[in-house]
Amino acid sequence: VAKGAGRNRFSFFTPALQEAAQTRARLAHDLRSGLQEQQFRLVYQPIVELATGSVHKAEALIRWQHPTRGLVSPAHFIPIAESSGLIVDIGEWVFQQAARQVQTWRQTLHPDFQISVNKSPAQFHHDGHGLQPWASRLQAMGLPGACMVVEITEGLLLDTSTRVTEHLLALGDAGIQVSLDDFGTGYSSLSYLQKFDIDFLKIDQSFVRHLVPGATDLALCKAIIVMAHALGMKVVAEGVETTLQRDLLTAAGCDYAQGYLFSHPLAAADFEAYWSASRPTNGDWEI
Ligand code: C2E
Ligand code: MG
Ligand code: MG
Ligand code: MG
């Protein structure tokens, strides 16, 4: 190791940090214009009912086509949108798009079709619009609350502010369902699961990744499924990529699964094609 490596490392570190801060500031600025210039779109990932293979649910995931940077991952820009407060406007846009889509798919795909949208804690706080309006806007569109699921993360449940609690209660009152995303990665105390009306629990993909017979992660998944069912929740496994993972989860009693094994997140038209191709398992009904 060369002499002075520490100093080199240090001098390398500072400009890199500065550049990262500049990139964030630029992206925060670009997010605002991106919303006006329609650079965002939603993609939809099928959520498969394991017992039947049918698909009546999808998770909406945002995509940002930046004019010069190309496709920017939500994992990268959502935190920037959160800290800049723009997440509220982005969240409203996501809601509007998802509501229109579920309205269409309830008519063309399945009468009980349900779309999940992700809602970050910052959206509960900076909220200018609130959750009650979501419910009434669905109502104005002739849609029941049950057409939508709001995905929250465990951290939100640790927030005991009345604002968060009231929002979650309002969701339940409107029939909008609640899903606890990335379960197992946060700090949620089990008592919170009972305190709030949570409909779905999503096992984080980090537990699904190493599922093999006898693995401790399989024991964990089984325990989560038993507990969730005892509390009246349905379970969705995230990040299912192999038939082995699917089969182990099915045998463990998991209700739903989502992952590249079934499909990547798809543009609406591609989702419709995927849905039609899996139609034999999607059930029998009249449109
Ligand atoms: P999430 O809600 O936990 O979404 C699941 C992520 O896993 C998605 O990444 C999805 O594309 C990815 N995924 C799905 N199946 C597989 C699989 O089999 N293997 C692997 N390795 N990954 C899989 P994506 O779309 O990049 O989104 C990342 C995160 O960004 C989301 O995690 C969510 O927290 C956030 N996000 C996405 N869209 C929105 C949005 O509209 N609003 C908010 N507030 N957050 C969003
Ligand atoms: Mg999610
Ligand atoms: Mg409920
Ligand atoms: Mg997740």
Side-chain angles (χ1 to χ4, degrees), residues 42-62 94-119 134-135 137-139 141-152 171-172 174-181 183 197-203 205 208 225 228-229 232-241 243 245-247 249-287:
L42 291 186
V43 287
Y44 300 89
Q45 187 172 39
I47 298 175
V48 179
E49 188 176 50
L50 283 170
T52 61
S54 69
V55 180
H56 304 149
K57 301 180 196 296
E59 178 175 7
L61 294 156
I62 195 167
V94 169
F95 167 78
Q96 200 57 43
Q97 294 292 308
R100 282 200 204 116
Q101 193 61 70
V102 77
Q103 187 174 42
T104 301
W105 284 347
R106 284 196 158 220
Q107 284 158 13
T108 59
L109 300 187
H110 194 281
D112 297 325
F113 205 92
Q114 202 176 37
I115 290 183
S116 298
V117 298
N118 293 282
K119 187 155 185 167
W134 279 23
R137 270 147 69 193
L138 290 176
Q139 208 174 22
M141 293 171 76
L143 290 167
C147 73
M148 210 171 262
V149 179
V150 171
E151 297 199 2
I152 59 168
L171 283 177
I176 297 175
Q177 295 195 299
V178 177
S179 188
L180 194 52
D181 207 350
F183 184 76
D197 177 14
I198 296 163
D199 301 282
F200 299 96
L201 198 154
K202 298 187 85 168
I203 303 178
Q205 53 192 51
V208 173
I225 292 163
H229 286 168
M233 298 182 274
K234 298 282 189 190
V235 181
V236 185
E238 301 192 78
V240 175
E241 296 183 355
T243 52
Q245 290 164 350
R246 179 198 63 197
D247 294 345
L249 287 159
T250 306
C254 186
D255 304 284
Y256 298 94
Q258 176 178 1
Y260 298 161
L261 172 66
F262 307 102
S263 172
H264 280 253
L266 302 167
D270 296 328
F271 186 95
E272 288 163 5
Y274 171 88
W275 189 91
S276 298
S278 57
R279 177 147 188 168
T281 55
N282 281 336
D284 224 358
W285 61 91
E286 300 296 321
I287 289 172

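For the numbers below, each heavy atom of this structure counts, side chains included, while hydrogens, waters and symmetry mates do not.
- Taking the side chain to side chain contact (heavy atoms under 4.5 Å, CB included) definition, one finds that Ala252 meets it with Lys222, Ile225, sequence neighbours left out.
- Residues forming a side-chain hydrogen bond (donor to acceptor under 3.5 Å, both in side chains) with Gln139 (at least two apart in sequence, or on another chain): none.
- Between Trp275 and Val55 the shortest heavy-atom distance is NE1-O, 3.0 Å.
- Closest of all the heavy-atom pairs between Arg246 and Leu50 is CG-CD2, 3.7 Å.
- Between atom CD1 of residue Ile47 and atom OH of residue Tyr256 there is a gap of 9.0 Å, rounded to the nearest 0.5 Å.
- Minimum interatomic distance between Ala228 and Val235 (heavy atoms only, all atoms of both residues): CB-CG2, 3.5 Å.
- Closest approach of Gly239 and Val208 over heavy atoms only: O-CG1, 3.8 Å.
- Partner Gln177 forms a side chain to side chain contact (heavy atoms under 4.5 Å, CB included) with one of Lys234, Gln114, Glu151 and no other, that one being Gln114.
- Remark: Arg100 CZ to Phe95 CZ distance equals 10.5 Å, nearest 0.5 Å.
- Put simply, SG on Cys147 and CG on Asp112 are 11.0 Å apart, with the number rounded to the nearest 0.5 Å.
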Name each donor-acceptor pair under 3.5 Å that joins a side chain in residues 260-272 to protein atoms two or more places apart or in another chain, with its distance.
unit_1: Glu272; atom_1: OE2; unit_2: Trp105; atom_2: NE1; d: 2.7

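- Remark: Ala60 engages Leu42, Tyr44, Ile115, Val117 in a side chain to side chain contact (heavy atoms under 4.5 Å, CB included) (not counting sequence neighbours).
- A pairwise comparison of heavy atoms in Pro144 and Leu138 identifies O-CD1, 4.4 Å as the closest pair.
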Evaluate the side-chain contact (heavy atoms from CB on, under 4.5 Å) criterion for residues Asp255 and His229: first the C-alpha distance (whole Å), next the side-chain angles of each, then the deciding distance (0.1 Å), finally the verdict.
CA-CA 10 Å; Asp255 304 284; His229 286 168; 2.7 Å; yes
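- When all heavy atoms of Val149 and Ser179 are compared, the closest pair comes out as CG1-CB, 3.5 Å.
- For residues 48-61, the pairs satisfying salt bridge (Lys or Arg N to Asp or Glu O under 4.0 Å) are Glu59-Lys202, with sequence neighbours left out.
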Take Thr108 and Phe113 through the side-chain contact (heavy atoms from CB on, under 4.5 Å) test and state the conclusion after the steps.
CA-CA 10 Å; Thr108 59; Phe113 205 92; over 6 Å; no
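- In this structure, CG in Leu201 is found 9.5 Å from SG in Cys254, a value given to the nearest 0.5 Å.
- Distance check: Gln258 CD to Glu238 CD gives 6.0 Å after rounding to the nearest 0.5 Å.
- Taken from CD1 in Ile152 to CG in Asp181, the straight-line distance is 9.5 Å, to the nearest 0.5 Å.
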Candidate pair Gln101 and Gln97, rule side-chain contact (heavy atoms from CB on, under 4.5 Å), full reasoning
CA-CA 6 Å; Gln101 193 61 70; Gln97 294 292 308; over 6 Å; no
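- A donor-acceptor pair is defined here as one N or O able to donate and one able to accept, closer than 3.5 Å; such a pair exists between the side chain of Gln245 and the backbone of Glu241.
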